[in-house]
Amino acid sequence: MFRKLYWVTEQVLPNGNSSVTGIFTSIPNLIKEGFISNDPTHLRLTLTKLDCEHGALGTWIGPEFDGLSGRLQEFVQTEEFSAEQCEHLMATLAQHKAGV
């Protein structure tokens with residue numbers, strides 16, 4: 001299936017500068033590869049649409065990722081993501097926040 005949405009991970013430095021550490025095509029891909037070398041306390045997740053002129057669909061900063069869970073529900077309703085994938089992502093972020 002051709003992917004329309006992409007996850008971008010960035011490490012945000014204390015001075016506010018950031019660097020992109022990965023681009024992922026799905027929540028399973030993000031979970032499997034996106035958190036390996038990223039410190040979740042300084043991680044910014046951005047959800048973006050391919051070739052979008054109107055900016056990102058959302059940006060969330062760790063370790064809290066405030067609002068991410070609620071925003072994901074919109075994509076569950078449109079069947080872009082499954083409820084299980086979203087639950088798994090939120091559980092993974094919670095584990096990383098707890099240092100597991």
Chemist: Is any side-chain heavy atom of Ile31 less than 4.5 Å from a side-chain heavy atom of His88?
Modeler: yes

Chemist: On a heavy-atom basis, which atom in Phe65 and which in Leu43 lie closest, and how many Å separate them?
Modeler: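 Closest heavy-atom pair between Phe65 and Leu43: CE2-O, 3.8 Å.
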
Chemist: Could you report the tightest heavy-atom contact between Gly34 and Phe24, atom names first, then the distance?
Modeler: CA-CZ, 3.4 Å

Chemist: Locate the shortest heavy-atom distance separating Asn15 from Asn17; write the atom from each residue and the value.
Modeler: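 That would be OD1-N, 2.9 Å.
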
Chemist: Just how far is it from atom CD1 of Ile27 to atom CG of Leu72, taken to the nearest 0.5 Å?
Modeler: 5.5 Å

Chemist: Could you report the tightest heavy-atom contact between Phe81 and Gln85, atom names first, then the distance?
Modeler: CA-OE1, 3.5 Å

Chemist: How many angstroms lie between atom CD of Gln11 and atom OG of Ser18, to the nearest 0.5 angstrom?
Modeler: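 Rounded to the nearest 0.5 Å, the CD-OG separation comes to 9.5 Å.
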
Chemist: Nearest 0.5 Å, what's the NZ-CG distance between Lys4 and Leu57?
Modeler: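 If we round to the nearest 0.5 Å, Lys4:NZ and Leu57:CG are 12.0 Å apart.
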
Chemist: Can Val8 be reached from Val12 by stepping across I, L, V, M, F, W or Y side chains whose heavy atoms are under 4.5 Å apart?
Modeler: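 They do not share one cluster, since no chain of ILVMFWY contacts under 4.5 Å joins Val12 to Val8.
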
Chemist: Using the rule that two of Ile, Leu, Val, Met, Phe, Trp, Tyr join whenever any of their side-chain heavy atoms come within less than 4.5 Å, decide whether Leu5 and Trp60 are in one cluster.
Modeler: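 Same cluster.
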
Chemist: Does the side chain of Arg44 pick up a donor-acceptor pair with the side chain of Thr59 at under 3.5 Å?
Modeler: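 Their side chains do not contain a donor-acceptor pair, so the 3.5 Å distance test is not met.
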
Chemist: Which value, rounded to the nearest 0.5 Å, describes the distance between Glu33 atom CD and Ile23 atom CD1?
Modeler: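 So the gap between those two atoms works out to 14.0 Å.
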
Chemist: Please report the shortest heavy-atom distance between Tyr6 and Thr25, naming the atom on each side.
Modeler: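 Closest heavy-atom pair between Tyr6 and Thr25: CE2-CG2, 3.5 Å.
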
Chemist: Nearest heavy-atom pair of Ala56 and Thr48: which atoms, and what distance?
Modeler: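 Reported closest heavy-atom pair: CA-OG1, 4.3 Å.
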
Chemist: To the nearest 0.5 Å, what is the distance between CG on Leu93 and CG on Leu68?
Modeler: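 The distance works out to 6.5 Å.
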
Chemist: Under the criterion side-chain contact (heavy atoms from CB on, under 4.5 Å), which of Thr46, Leu45, Thr21 is the partner of Glu10?
Modeler: Thr46

Chemist: Would Trp7 end up clustered with Val76 when hydrophobic side chains under 4.5 Å apart are linked, directly or stepwise?
Modeler: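 No.
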
Chemist: Roughly how far, to the nearest 0.5 Å, is SG of Cys86 from CD of Glu80?
Modeler: 10.5 Å

